[in-house]
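When a ligand or atom number is given, it counts from 1 through the structure's own listing order. Residues: numbered from 1 along the sequence shown.
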Amino acid sequence: MLAATVATDARGQDARALARAGTAAIDDHRFGDALAVFTEAAAMRPADPSLCFGAGVAAFMLGQDEVARSRFECALALNPGYRSAALWLGDLHYRAGRLEEAISICEAALRRSPRDRELQERVASWRKEQDLQSRFHAVRTDHFTVLFEAADGEPLARQVLERLEAAYSRVGRALGVYPSQPITAVVYSRGQFDEITKLTAWSVAAYDGRIRVPFNGALEQRDELDRVLSHEFVHALVAMLGGRNVPAWVNEGLATALEPTGTVDADPTLARSDMRLGLAQLHGSFAGLSRRDAEIAYASAARAVRRLIDQRGAGVVVGLLEDLSRGVPFTIAFQQRIAMRYEDFAQSLVTDH
Ligand SMILES: [Zn+2]
């Protein structure tokens, strides 16, 4: 009896130590380590919802959505009032285009805390989007579904579908890899797009699990439509290959460098300005940048990725992304795949621009 109690206590302490290590790994963006230790800790203390939740967050960041979903559901089964687990699971469903599930998870959480402002806003905005989407029509191929509102929008939707297929073939050939699942694109008016994505005025489209395109006059020009759809298609591919922990410069750089005219455009943008952004400044999202800083950020990122592809080949960049989704920390994956220290590569871009 005594021996058993001691063993249980030791296991409890081990699990707590593992949970601390898991939290530290999440703080350091070492999501592979975090998933491993939270999974081990949860096996020791299966009734502790916070261990399921920690594993869920790590899996979500690695883009392992099925694992993340089961871990968040486990946390909510153990503690139905677990607010963070509800928010993360709702977000996961939302990004996968499962609006109804997303809403019902957050509504259940809201019934428990009716005054929770964040939950209220989220449910209200998702309901509005669901209402809008219920009026949408769809056209599809094996690789894409395009949603659009007005019945007379079908010719444009078909053009979007056709341009996405063109990007699929062209980018697929360039990288030697194709998306593992079909991709959804939604065509909005500018007003609908702004309300749903809440992005800065300079953004011309977005990817958050679905490609979202505001239709405006510029997209009537075929080159611009091609550029925007190709760019967002690459983001969808990067998310499938590398998860959600890919540095912004790799993600945006690849999307920009693989635009139909991407290689040509980066250099004049950089030549026009003295401003330079080092790669270390380009790990986080570009969404908060001013229009001018964003231009430099995209051009710098495209130039860095172009250099990687020219020096090592596109397959190596794909391998780097796959390492990230397996949880290999970026600087280690970079050094292994590119056969160069990340700091040296970053420095090489600063010294010879
Ligand atoms: Zn982008």
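Per residue Glu252, closest N, O or S atom to the Zn ion (ligand 1): atom name OE1.
Between Tyr168 and Tyr178, the ring centre distance stays below 6.0 Å.
Side-chain contact check for Gln335 versus Thr331: every heavy-atom pair is 4.5 Å or farther apart.
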Test His283 against Phe330 for ring pair (Phe, Tyr, Trp, His ring centres under 6.0 Å), laying out the working first. CA-CA 11 Å; His283 273 242; Phe330 180 71; 5.7 Å; yes
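When distances to the Zn ion (ligand 1) are checked against a cut-off of 2.8 Å, Glu232 contributes no N, O or S atom below that limit.
Put simply, Ile338 and Leu321 are part of the same group of oily side chains (I, L, V, M, F, W, Y) that touch within less than 4.5 Å, one to the next.
At the Zn ion (ligand 1), the vertex angle linking NE2 of His231 with NE2 of His235 is 100° (nearest 10 degrees).
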